[in-house]
Participant: 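Below you will find the structure I want to go over with you.
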Amino acid sequence: MTRNAAIEVHNLVKSYRGGLLRKRFDALRGVSLQVEQGEIFGLLGPNGAGKTTLIKVLLGIVRRSGGSASLLGRPAGDRTGRMKVGYLPENLRIASHHTALTAMEYYGKLSGLPWSEIKSERLRLLESVGLADRSRESVKKFSKGMLQRLGLAQALLHDPELLILDEPTDGLDPVGRSHVRNVLMRLKEQGKTIFLNSHILQEVELICDRVAILDRGLVKAIGNVHELSAQQSEGVELELVVAASEASVRTALGEREITTCQPHRDGTYRVVLQITDQAAVDRCIDDLRASAISIVGLSRRRVTLEDTFLKLFAETPELIQGS
Ligand code: ATP
């Protein structure tokens, strides 16, 4: 028997109607993607690209206008399929009379879990997200990051096969983020599938196997994080730290494409160059040395997911402002 993909989306369309004139707006304009079981898959895109809409269609929170979507082999929104899915919404609101423990009880019962199971799991899960010592406190006292971690714990309560997380590390401090990352990596080791929407590209790069980048309701790019970055980069980036004035560095480097030239507090300059190959690196060093410029540091810079993202949206910069 072939294993179903965890998520399969084909030509998905979602149109909203809004305003006085009930004007139609296509938030998803034909999205196709497949997430295999056991993957951590990242959904990226600027504000308004359609990420939350896609998640809502997958969960059956909003109805699709066209195309198809399935989760674990069941049509999106199907109740049986939903039982195997854990969901952390973008802004989970937990009623203020709850403590972390009672909130876990409430959400566990909503999922139809027996009390014995909730009781045995809730503290372990709160511990896994770093909230065990605050478990009896009112959620009124919780920071945004703590609420977010509580939200993740509740999403895990019924031991779902697939986790759908909308901005799971939003509002978390570095320790909180690391907690969440570790939890997600452990879940992957257990064979769970994780589909997450995030604006924190460094985070996505650290944990995701593959990503899809949405742009105005369409998939702009999809693939393995490192392959995508390689596709978008031409040659390598060379990062130099030189002891010289900016003017003398620019003169020595001539016509070369300098992407960054920043002064450091210690009087050196950090220079980033686009270079095609090793011979070009060698020529660059020869030219700097011929101008008696000291090279304090030199490294090849890896192209990051953020570089890839910025490059993909370079033609439409207004789209990424604020994302
Ligand atoms: P962000 O990164 O800002 O959270 P997103 O990629 O999640 O954005 P969506 O929230 O899916 O984007 O919104 C996609 C588009 O659909 C936006 O232009 C948004 O204004 C529009 N939209 C979302 N929900 C509705 C709705 N209920 N009615 C009308 N338009 C909507």
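All heavy atoms count here, side chains included; hydrogens, waters and symmetry mates do not. Counting convention: from 1, in listed order, for ligands and their atoms alike.
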Participant: Do Tyr269 and His264 have ring centroids that are under 6.0 Å from one another?
Facilitator: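 Ring centres of Tyr269 and His264 not closer than 6.0 Å.
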Participant: With a 3.5 Å cut-off and no angle check, do the side chains of Ser68 and Asn11 form a donor-acceptor pair?
Facilitator: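 Their side chains do not contain a donor-acceptor pair, so the 3.5 Å distance test is not met.
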Participant: Hey, quick one: are Leu305 and Met185 part of the same hydrophobic cluster, counting side-chain heavy atoms closer than 4.5 Å, chains of contacts allowed?
Facilitator: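 Yes.
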Participant: Please determine whether ring-ring contact (aromatic ring centres under 6.0 Å, His included) holds for the pair Phe41 and Phe195, giving the CA-CA distance in whole Å, both sets of side-chain angles, and the decisive distance to 0.1 Å.
Facilitator: CA-CA 5 Å; Phe41 192 98; Phe195 185 74; 5.7 Å; yes
Participant: Would you say the side chains of Gln34 and Glu36 form a donor-acceptor pair under 3.5 Å?
Facilitator: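 Yes - a donor-acceptor pair under 3.5 Å links their side chains.
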Participant: Which word best sums up how the rings of Tyr106 and His98 line up, parallel for under 30°, tilted for 30 to 60°, or perpendicular for over 60°?
Facilitator: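 Ring orientation, 0 to 90° scale: tilted.
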Participant: Enumerate the protein residues lying less than 4.0 Å from ligand 1, judged by heavy-atom distances, in chain and residue-number order.
Facilitator: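 Near ligand 1, by chain and number: Tyr16, Phe25, Ala27, Pro46, Asn47, Gly48, Ala49, Gly50, Lys51, Thr52, Thr53, Glu90, His199.
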